[in-house]
Amino acid sequence: MKPLRQFIVHIPQKFKNEIKLSNKTTLKLVTKFNEFDHRVNYGEIIASPRGMNHEGSTLYFHHHVVMEQRYDIGDDLYLVDYDPNGGYGNHSIAIENKDGDITMLGDWCFVLPPPPPEETTTSSGIILEIKEESKEEGVLLTLPPDSEWIGASGGDLVGYRKNSEYEMELLDGTKVYRMRTTELVYVKEEE
């Protein structure tokens with residue numbers, strides 16, 4: 001089967017329902033209370049759109065894929081819409097090959113989140129002060145091919161529009177924000 005405009009991915013589990021602690025202990029989560037934070041956003045590519053060959057790689061996709069019944073085609077297989085021009089019809093975000101190389105799709109990019117605000121605490125753990133929230137800035141991890149025209153490249157500190165960041169977890173555990181390149185508003189130049 002060769003889809004025309006979608007990827008077909010294998011997603012054995014739609015939600016992350018376990019937390020592994022450092023001492024090899026596993027906690028079970030009840031995901032229904034905060035299902036948005038526990039949705040799975042990646043799966044193994046079983047079939048690629050016509051003209052592409054990425055079978056066996058990992059596809060990162062929009063969180064609606066596991067929530068909307070219309071994408072579920074049975075046997076833990078899901079359709080993920082793809083539009084090479086981007087836009088709201090493109091739920092395919094990025095492909096990670098077996099070597100860990102990531103290629104962005106459409107108009108999506110990955111930005112590393114800013115560090116969390118620091119706290120000043122007493123020796124007993126009482127929080128005395130929380131430093132100011134970070135601005136909407138992060139390090140640009142990767143852009144789609146042919147996106148240099150926007151004036152940014154991987155490793156740049158970039159600013160983005162408020163509420164454009166959506167946290168995802170990569171296969172290696174790295175937390176990233178996925179957003180459209182149009183949500184980037186500036187590159188911070190070194191002083």
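Model, not experiment: these values are computed from the prediction.
Under a 4.0 Å N-O distance rule, the pair Glu136/Arg161 does not qualify as a salt bridge.
Using a 4.5 Å heavy-atom threshold, the side chains of Thr58 and Ile45 count as separate. The closest side-chain heavy-atom distance from Leu171 to Tyr42 is below 4.5 Å. Between Met168 and Tyr177 the shortest side-chain heavy-atom distance does not fall below 4.5 Å. In this structure the side chain of Val158 never reaches within 4.5 angstrom of the side chain of Tyr186, judged on heavy atoms. Looking at heavy atoms from C-beta onward, Ile46 lies out of side-chain contact with Val9 at the 4.5 angstrom threshold. Tyr166 is not listed as a side-chain neighbour of His62, based on a closest heavy-atom distance of 4.5 Å or more. A heavy-atom distance below 4.5 Å is not found between the side chains of Pro114 and Glu137. Inter-residue side-chain proximity for Val111 and Leu141 is flagged as unmet; no heavy-atom pair is nearer than 4.5 Å.
Atoms CG and CG, from Leu59 and Leu105 in turn, are 6.5 Å apart once rounded to the nearest 0.5 Å. Rounded to the nearest 0.5 Å, atoms CG (Asn163) and CE (Met179) are 11.0 Å apart. Expressed to the nearest 0.5 Å, how far CD1 of Ile8 lies from CD1 of Ile73 amounts to 4.5 Å. From Asn97, atom CG reaches atom OG1 of Thr103 across 7.0 Å, with rounding to the nearest 0.5 Å. In this structure, CG in Leu112 is found 7.5 Å from OG1 in Thr174, a value given to the nearest 0.5 Å. Between the NE2 atom in His64 and the CG atom in Asn41 there is a gap of 10.5 Å [rounded to 0.5 Å].
Just one residue in the list Phe61, Tyr82, Tyr71 forms a ring pair (Phe, Tyr, Trp, His ring centres under 6.0 Å) with His91, and that residue is Tyr71.
The minimum heavy-atom distance linking Leu4 with Pro49 is given by the pair O-CB, 3.7 Å. Across all non-hydrogen atoms, the minimal contact from Pro144 to Ser147 is O-OG, 3.0 Å. A pairwise comparison of heavy atoms in Val187 and Gly151 identifies CG2-O, 3.4 Å as the closest pair. Contact detail for Pro113 and Val176: the closest heavy-atom pair is CD-CA, 4.0 Å. The minimum heavy-atom distance linking Cys109 with Leu184 is given by the pair SG-CD1, 4.1 Å. Counting all heavy atoms, side chain and backbone alike, Phe7 lies closest to Ser92 at CD1-OG, 3.3 Å.
For Tyr78 and His10, the ring centers sit 6.0 Å or farther from each other.
In summary, the side chains of Tyr60 and Glu96 do present a donor paired with an acceptor at a separation below 3.5 Å, with no hydrogens or angles considered.
Within the 3.5 Å criterion, the main-chain N or O of Gly56 finds a donor-acceptor partner in the side chain of Lys98. Side-chain N or O atoms of Ser48 include one that pairs as donor or acceptor with a backbone N or O of His54 at under 3.5 Å. The backbone N or O of Asp83 lies less than 3.5 Å from a partner atom in the side chain of Asn90, making a donor-acceptor pair. In this structure a side-chain-to-backbone donor-acceptor pair under 3.5 Å is missing from Asp99 to Asp101.
Residues forming a side chain to side chain contact (heavy atoms under 4.5 Å, CB included) with Thr142 (at least two apart in sequence, or on another chain): Ile102, Met104, Phe110. Every residue two or more places apart in sequence or in another chain that forms a side chain to side chain contact (heavy atoms under 4.5 Å, CB included) with Asp107 is listed here: Arg180, Thr181.
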Set out, in order, the CA-CA distance, both residues' side-chain angles and the distance that settles side chain to side chain contact (heavy atoms under 4.5 Å, CB included) for Arg178 and Glu183, then state yes or no. CA-CA 10 Å; Arg178 65 109 168 110; Glu183 299 294 335; over 6 Å; no
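Pairs of residues two or more places apart, or lying in two chains, that qualify as salt bridge (Lys or Arg N to Asp or Glu O under 4.0 Å) and include a residue from residues 53-81 are Lys2-Glu55, Glu68-Arg70.
Val139 and Tyr160 fall into different hydrophobic clusters, defined by Ile, Leu, Val, Met, Phe, Trp and Tyr side-chain heavy atoms under 4.5 Å apart, directly or through other members.
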